[in-house]
Amino acid sequence: MAVGQEKAAVFQSILGNVWLLLAPALQIGIYFVLIVVIFKSGGEPRTTFMALSLGILHYSLLGNTATQCQPAIHGNASLLLQVRLEPFLLIWVGYLRALRKWFAALIVFYCLYAFFGPTPGVKILAYPLIGVFWAALCWSAGLWMAQLTVFVRDLERFVPIFLQLLMYSAPVIYPVSFYPDSWVMTVVAFNPVAAAFALFRWSLLGEPCPVEVCAASLVLWTAASLILAHQAYATLGRRFTKVI
Amino acid sequence: MRSEIQLDSVSIRFRMSYHQARSSQQWLRELSRRALSRWRPTMFHALSNISLCIREGEVVGVIGRNGCGKTTLLRTIAGIYQPDTGRVKVDGRVSALLSLGTAFNTLLSGRENIILGGLTLGLRLREIERKSQEIIAFAELGDFIDVPMRYYSSGMMSRLSFALVIAIEPDILLIDETLSVGDISFQNRSRSAMHTLLEQASLQMIVSHDLNTIRKVCTRVIWIESGCIAMDGTPTEVVDQYEECGGVMAGSPSVVERVHALSGGPLFSDPARS
């Protein structure tokens, strides 16, 4: 189903799947021009470029998950009313599509990292684990968004704005050191996205952060969000077809 | 395994999605009522306390006016709606022909949609691959099978959809008003395929307004009225009674009247009344 939807998504597109690589590359380009060329901020261009690439390409999973998962149930209303189909499957299909885009973005990132990134230290060993928790957190977010949007359609308007706010409130395009010292602990403890990106930067770019607090925050928030999202589905799932 | 459908005191209700306010003042009043938790959603009972048992070998026709709950009943049996009260027990592989073409993606080719639609309808990939030639041949699409479905006529789309559904070989078949699709030659082929399908499936439920088909095909008929079973019996007695009543039970409000009563106002203006 995911493959079919992906094929349909590139129908009559000239560049087709090239967009998987082109879209994140263009996004990095825009932020780079904005921060380094126009505002002349961010320090050494090469380091800033690498940090921007890391932040934007990893954050793209959350954005894509929202785009694909949010309409998964109410957008397939006619299908769900004609065929007995577990709505969970449609949300999962949306997430798989988001993951596919993310993997393409990660390929771009790893190429850039190999050419422009710092020499990796032992901290890089933690990177796959951070990636897994980040992917799990995004899945739980997608599951929440798909379910809640069935009942409150306002979320379709609100989520894109919220994702932007979330991006700017987390160290996605700026380092953790931008936060005032007294804020760091509070921000990473209460914002799992901030914790995840502080850890990404720590493991790949060697930027300092309160590792223990970030790791604890990411693990706890992800576990809580996953459990609650699946429990909510178990409770709300039987009502979806009556509401859509 | 013996195919059987059993419904015990099944009720389905829907929350009315529209609010009743028609002016900004009323809207503010309703909003404040909601805020004070005095507001309770208005519920619409699509099925009320339905109990029935359908056994292997039966071909059950479901009749009734538009909006009386026939499709809701089929959707409940198909597992699309979960009952609010009561219990639904279905033994056997169910296939619901509620609408043609809903599982298709019009940007993909007919061949790709056979796989997509087959998976959605619960077939395994190996099963679809084994049956795909048979499906293509039955749908009579020729070279169009590799063309995106957006270029298909509605008849072509229906033919492919119908061909896919009859390839499922279900134990329990639920059909909702989809007996006539395509042109005359395809209708003849689909009718004979449908009869084969009806013979293959050990239990069938057919929702139709075509009382002649119901008389001919069914062994039992259920008349639904305002979400309740008005009559359950042989085709002759139920259809005769239904025709005698002109399809309307005396004293039972129409669906529009029921919704009107729930909403506390007219759903749409009637120029004849004003």
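Within every chain, numbering begins at 1; the chains are lettered A, B, ... in the order of the sequence lines, protein sequences first and strands thereafter. Values in this document were obtained by computation on a predicted structure and should not be read as measured data.
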For atom OH of A/Tyr110, is the number of surrounding heavy atoms from other residues, nucleotides or ligands below 6.0 Å larger than 12?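 More than 12 heavy atoms, drawn from other residues, nucleotides or ligands, come within 6.0 Å of this atom.
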Give a yes or no on this: more than 12 heavy atoms of other residues, nucleotides or ligands lie within 6.0 Å of atom CZ of A/Phe190.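 Open: at most 12 neighbouring heavy atoms sit under 6.0 Å from CZ of A/Phe190.
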Using non-hydrogen atoms and a 4.5 Å limit, figure out which bit of A/Leu89 sits close to chain B: side chain, backbone, both or neither.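 Contact with chain B is absent: no heavy atom of A/Leu89 under 4.5 Å.
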What part of B/Leu108 is in contact with chain A, defined as an atom under 4.5 angstrom from a non-hydrogen atom: side chain, backbone, both or neither?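 Only the side chain of B/Leu108 comes within 4.5 Å of chain A.
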Taking only residues at least two apart or on different chains, which pairs with a member in residues 76-88 of chain B satisfy side chain to side chain donor-acceptor pair (under 3.5 Å)?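 Passing the test, one end in residues 76-88 of chain B: A/Lys242-B/Asp84, B/Asp8-B/Arg87, B/Ser11-B/Thr85, B/Arg75-B/Tyr81.
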Search all heavy atoms of B/Ile80 against all heavy atoms of A/Leu81 and return the closest pair with its distance.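 Taking B/Ile80 first and A/Leu81 second, the nearest heavy atoms are CD1-O, 3.6 Å.
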Holding to ring-ring contact (aromatic ring centres under 6.0 Å, His included), I want the full list of residues that pass it with A/Phe103, two or more places apart in sequence or in another chain.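 Counting only residues at least two positions away or on another chain, A/Phe103 forms no ring-ring contact (aromatic ring centres under 6.0 Å, His included).
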